[in-house]
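Remember, predicted model here, so these are calculated numbers, not experimental data.
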Amino acid sequence: LSHVFLDCWNVSGVQALAPFSEKICVLFRRQWRIVTGSRQELVLMCVLGALAWSRGYIGSMGGVRAMIGVLTAWAIFS
């Protein structure tokens with residue numbers, strides 16, 4: 001679902017309900033959409049990837065509270 005949602009952001013849109021419907025779904029006005037393979041797509045991919053990675057990392061550390069404890073202890077002792 002996230003892949004289809006993000007594909008709705010590109011210039012050509014996506015057939016989200018294929019094979020049931022031929023209708024093309026888009027999210028924003030044309031000037032706000034992202035061209036596939038562009039710098040904007042790369043930036044968006046990096047930001048979303050960093051968010052996904054950090055969410056998993058923070059979860060493995062024991063949550064936000066544990067992460068803050070680790071960071072504050074690291075800042076005090078360095």
Inset, instruction - Tell me who clusters with Val35, hydrophobic residues only, linked when side chains sit under 4.5 Å apart either directly or through other members. - result: Val11
Inset, instruction - Any chance you could measure Ile34, atom CD1, to Leu42, atom CG, to the nearest 0.5 Å? - result: 10.5 Å
Can you list, pair by pair, the side-chain donor-acceptor contacts under 3.5 Å of residues 15-29, counting residues two or more places apart and other chains?
unit_1, atom_1, unit_2, atom_2, d
Gln15, NE2, Glu22, O, 3.4
Ser21, OG, Lys23, N, 3.2

Legend entry - side-chain hydrogen bond (donor to acceptor under 3.5 Å, both in side chains) pairs, two or more places apart, involving residues 36-52: Ser38-Gln40
